[in-house]
Structure formats: structure tokens, C-alpha cells
Number of protein chains: 2
Amino acid sequence: MLLTPKKVQRRTAKLRDPEGTRQSLLQAAFREVYRYGFQSAGIDAILGATHVTKGALYYHFESKEALGHAIIEEIVAEITRDRWLRPLEQSKDKNPIDALIGIVQAIPARPRDVKGGCPLVNLTQEMSQLDEQFRKRLERIFQEWQEGIATALRKGQCTGTVRRDLVPEETASFLIAMVEGYEVLAKNAQNAKVWNIGIKNIVSWLSSLRAPGNGKRG
Amino acid sequence: MLLTPKKVQRRTAKLRDPEGTRQSLLQAAFREVYRYGFQSAGIDAILGATHVTKGALYYHFESKEALGHAIIEEIVAEITRDRWLRPLEQSKDKNPIDALIGIVQAIPARPRDVKGGCPLVNLTQEMSQLDEQFRKRLERIFQEWQEGIATALRKGQCTGTVRRDLVPEETASFLIAMVEGYEVLAKNAQNAKVWNIGIKNIVSWLSSLRAPGNGKRG
DNA sequence: TTGCATACGTACTGGTTGGTATGCTGTTGA
DNA sequence: TCAACAGCATACCAACCAGTACGTATGCAA
């Protein structure tokens with residue numbers, strides 16, 4: 001008896017879409033890593049969250065480590081750019097203090113964001129000491145972030161909206177430390193209230209950076 | 001003539017010393033958890049760092065989780081008390097701003113501390129979202145810490161050395177967020193320089209909390 | 001139509017993990 | 001003197017985990 005011809009059509013006629021597969025993997029892997037940490041995020045769990053199989057994963061990424069690197073460069077870095085750098089760029093004619101206040105207040109305070117904390121901090125805490133490759137990639141993000149803020153502050157100093165006695169880089173770091181610090185506190189509390197109080201205090205501190213005689217909307 | 005009443009200690013023979021065994025385990029486990037995180041710290045690695053065997057471990061602790069709880073309650077909590085609460089207690093007649101400045105400046109900046117980050121933050125980042133038992137224990141430490149600072153600030157407000165417009169609890173949280181935030185930045189940089197700049201900025205901010213007309217050593 | 005590279009799917013493996021079952025030894029109270 | 005028990009030591013296990021081997025389906029070029 002002749003073999004039956006192969007199943008002509010699979011129900012969900014899967015189109016080949018390597019870029020789509022790659023993105024699915026990155027997104028799912030990010031979610032798992034965000035939740036459980038890189039080391040504890042299991043490959044099988046990541047695959048279970050997608051319709052992708054192990055063969056496909058290891059076709060697109062050399063190793064779990066390489067997947068981790070891609071997450072940092074393509075997802076985590078983008079989050080920082082979306083939340084901080086692009087808004088700063090777009091409001092570069094405005095008073096940078098007002099811009100920063102707007103940005104800080106716009107950081108999502110949805111339960112899942114507060115409870116999960118900042119992906120950048122999560123990965124830094126877990127990996128910076130253990131793996132230099134991870135550390136370098138994370139450091140680049142921090143530097144980009146700091147420079148973005150420092151540049152805006154420097155401009156504000158030129159146009160007279162920001163106090164001249166500040167060192168822009170140090171002030172930028174300080175702001176980042178405050179934001180990250182409150183993310184940690186909020187994550188521990190698993191509660192947006194802590195975060196909202198934090199925002200309030202950061203905004204109040206940001207206001208103290210205005211050049212004397214420069215009220216709101218300077 | 002009577003000889004020594006108690007047995008002379010034998011050098012090589014292993015004396016049974018359950019409390020010592022327990023402490024060895026706690027210390028070694030803390031070091032491993034501090035370095036690799038709780039989930040990634042292996043039981044075998046912990047045991048390898050001691051002269052203790054698995055049987056002894058599971059005699060003293062019900063599970064890895066229970067060991068983790070003990071680490072938080074007996075080691076991490078003690079670090080916070082040693083660095084913050086006891087110094088605050090001991091200098092309760094002093095200006096609290098000066099006391100806090102002293103404490104912040106006294107936080108160890110040795111490479112291994114900077115590179116490892118703050119144990120409290122490490123554990124919070126990793127576990128708060130995943131395990132409520134861990135979270136609760138960590139939250140207690142944060143609360144103790146915050147209350148210690150807030151109490152000191154409140155006293156300062158009464159004695160006129162601290163600005164009266166501050167909300168002590170919020171200011172305490174803010175300080176904690178700053179410290180933790182800079183620990184994250186320093187850990188990412190794997191470099192004490194970032195930390196030292198952080199200290200400088202925090203100290204400068206702390207000085208701004210003094211009541212008007214109240215210089216140093218108020 | 002063939003030929004071949006891309007893009008997967010599946011079954012498996014060697015090593016590791018937290019945890020346990022069981023047995024031994026030193027100490028202590030009767 | 002001896003039983004009972006605290007305090008371990010050792011061997012072992014099932015589950016899991018990253019990674020691989022290898023087969024197969026698809027698209028495209030010649």
C-alpha cells in the first residue's frame with residue numbers, strides 16, 4: 001500500500017517569518033528574564049510562552065547568553081530611550097527641568113511595572129558582578145541615559161533655566177540614582193504608593209535645580 | 001589534687017558544636033547568595049565553602065528557602081542595624097543631620113562591597129516579586145531602617161536642628177532611595193568612584209535639611 | 001525539476017539541582 | 001554501663017536544564 005501523501009495543509013498554515021520568530025523569542029525571553037532573572041529564566045519556560053521550538057531558538061541565538069545580550073541591547077536599551085532620551089530630544093527647546101519632571105511623572109506606575117521593578121536594575125543587580133559581557137552592555141545604557149540628562153541640563157544652564165553651580169553629569173547620576181532607588185523600594189513594597197511618594201519627592205528636588213528667579217515654564 | 005574540671009579541648013577531633021555549624025552555614029550561604037543570588041546559589045557550592053555536609057545542613061534548616069529566610073533575619077537585618085540603627089541610637093543627642101552624614105560616609109567603600117552591592121537590594125530585586133515570605137522579611141528591614149531615620153529626624157525637628165517643613169518618613173525614604181540607587185550605579189560600574197561621588201551628593205543634600213540658621217555641629 | 005540554503009521540529013543527553021533515606025558516632029542522663 | 005537521642009556523614013534520587021543531533025519542511029535560483 002502506498003504511503004499516504006503528506007498532510008497537505010496544516011491548520012494554521014504557518015508562514016515562515018524568521019524576523020517575527022526572532023522578535024517573539026526576544027519578547028518572551030525578556031518577560032521571563034524580567035520576572036525570574038536571567039539565570040533562573042529557563043529556556044523551556046521561554047519556549048513554552050511562545051509557539052517557538054528549541055531548534056528555532058538555537059538557530060537564531062548561539063546560546064542563552066547571546067539571547068541575554070540581545071535582550072539588553074534590543075529591548076532594555078530601547079525602554080530607556082523611549083522613556084528618557086526621545087522625550088528629552090523632543091522637548092529640547094523647553095526648560096529641561098520641566099521636561100524631566102514630565103518624564104519622571106510619565107514613568108508607568110501600573111502594578112505590574114511597580115512590582116517588576118526596573119529591568120535595567122534587575123539585570124545590573126544580578127549580572128554586573130558575574131559577567132563582564134552583561135556589565136558592559138548595561139553600562140552603555142546607563143551612560144547613554146546619564147549623558148542624555150546631562151546634555152539637557154547643560155543646555156538649561158546656557159539658557160539660564162538651570163542653576164549654574166551644578167555639575168551636569170553628577171546631577172544626572174543623582175537623578176538616576178533616585179529613580180532607581182525608589183524603584184527598588186516600590187518593588188519591595190509591591191505597591192505603587194511608595195513609588196508615587198517617590199515621584200513627588202523627586203519632582204520637588206528637580207524643582208530645586210531651577211536657576212534663581214526662574215519659576216515654572218521658564 | 002584535682003585536675004581541670006572541664007575536658008581539655010582536643011585539637012584535631014571534631015567537637016560537636018551545633019551552633020557553630022549553624023553559623024558557618026549561615027555565613028557561607030550568605031556569601032554565596034550575596035554573590036550569585038538566592039536562586040542561583042547552589043547548596044553544594046555553599047557546602048563546598050564550609051566543612052559541613054548536606055546532612056548537617058538539612059538537620060539545621062528545613063529547606064533552602066528556610067536557609068534564605070534565616071540569612072535575611074540573622075545576617076542582612078544585622079548589617080542594617082550595625083550600619084544605621086545602632087549609630088543613630090548612640091548619637092541620639094547629636095544633631096541627626098551630622099549623625100546621618102557620618103553614617104553615610106562610613107558605609108564601606110571597599111571594592112568587594114561596591115562590586116557586590118547592597119545585600120538588601122540584591123535580595124529585594126530578586127525575590128520580592130517571586131516569594132511573599134522573602135518579601136515580608138525584607139520589608140521589615142526596610143521599615144526598621146526608615147523608622148530609625150525618621151525618628152532621628154523628628155527629634156531633630158523638636159530640638160530645632162532639622163527643617164520643620166519635612167515629613168520625616170518621606171525624607172527617610174528619600175535618603176534610603178538615594179543610597180540604594182547609588183549602590184546600584186556603583187555596582188554596575190564595578191567601581192568605587194561612582195559611589196564616592198554619590199556619597200558627596202547625598203551629604204550635600206543632607207546638609208540642605210538643616211533648619212535655617214543652623215550650621216554644622218548645631 | 002533539481003539542488004541547496006534557510007528555518008525550523010523533536011528526541012535525546014550529560015550534567016546539575018534540591019532534597020532524602022539511612023546509618024554512624026559522640027554525649028548524656030538514668 | 002547502656003539506651004536514647006542529638007548531630008551529623010554518605011549515598012543516592014528524580015527532576016530539571018542548557019545544549020545538541022539530526023531530521024524535515026519551505027522557498028528560491030538555475
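None of the values given here were measured: they were computed from a predicted structure. Values below: all heavy atoms of this structure, side chains included; hydrogens, waters and symmetry mates excluded. To find a chain, count down the sequence lines: A is the first, B the second, and so on, and within it residues start at 1.
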Undergrad: Once you round it to whole Å, what is the distance between C1' of D:dC16 and CD of A:Q39?
TA: 16 Å
Undergrad: Could you work out, with side-chain hydrogen bond (donor to acceptor under 3.5 Å, both in side chains) as the rule, every residue matching B:K193, not counting sequence neighbours?
TA: none
Undergrad: Is the phosphate of C:dC8, meaning OP1 or OP2, less than 4.0 Å from a side-chain N or O of A:H60?
TA: yes
Undergrad: Holding to side-chain hydrogen bond (donor to acceptor under 3.5 Å, both in side chains), I want the full list of residues that pass it with B:R140, two or more places apart in sequence or in another chain.
TA: none
Undergrad: Restricting to nitrogen or oxygen on both sides, can you table the protein-nucleotides 19-23 of chain C pairs closer than 3.5 Å?
TA:
unit_1	atom_1	unit_2	atom_2	d
C:dG19	OP2	B:Y58	OH	2.7
C:dG19	OP2	B:K64	N	2.9
C:dG19	N7	B:K54	NZ	3.3
C:dG19	O6	B:K54	NZ	2.8

Undergrad: What does B:A41 touch in the nucleic acid at a heavy-atom separation under 4.0 angstrom: a base, only the sugar-phosphate, or nothing?
TA: sugar-phosphate
Undergrad: D:dC8, OP1 or OP2 - any side-chain N/O from B:Y59 closer than 4.0 Å?
TA: no
Undergrad: Please identify each residue that fulfils side-chain hydrogen bond (donor to acceptor under 3.5 Å, both in side chains) with B:E144, with sequence neighbours left out.
TA: B:R81
Undergrad: Please list, chain by chain and in numerical order, all residues satisfying salt bridge (Lys or Arg N to Asp or Glu O under 4.0 Å) with B:D82, sequence neighbours excluded.
TA: B:R86
Undergrad: Please check the phosphate of D:dG7 (OP1 and OP2 only) for any side-chain N or O of B:T21 closer than 4.0 Å.
TA: no
Undergrad: Using whole Å, report how far CZ of B:R22 lies from P of D:dA6.
TA: 17 Å
Undergrad: Flag this pair as yes if the NZ/CZ of A:K64 is under 6.0 angstrom from the six-membered ring centre of A:F38 and inside a 45 degree cone about the axis; otherwise no.
TA: yes
Undergrad: Rounded to whole angstroms, how far apart are CD1 on A:I46 and P on D:dC16?
TA: 17 Å
Undergrad: Please give, in whole Å, the distance from D:dC17 C1' to A:L47 CG?
TA: 12 Å
Undergrad: For B:L67 and C:dT17, give me the distance from atom CG to atom P, rounded to whole Å.
TA: 15 Å
Undergrad: Nearest whole Å is fine: how far is D:dG19 C1' from A:L57 CG?
TA: 10 Å
Undergrad: Restricting to ring-ring contact (aromatic ring centres under 6.0 Å, His included), what partner residues turn up for B:F174, sequence neighbours left out?
TA: A:Y182, B:W205
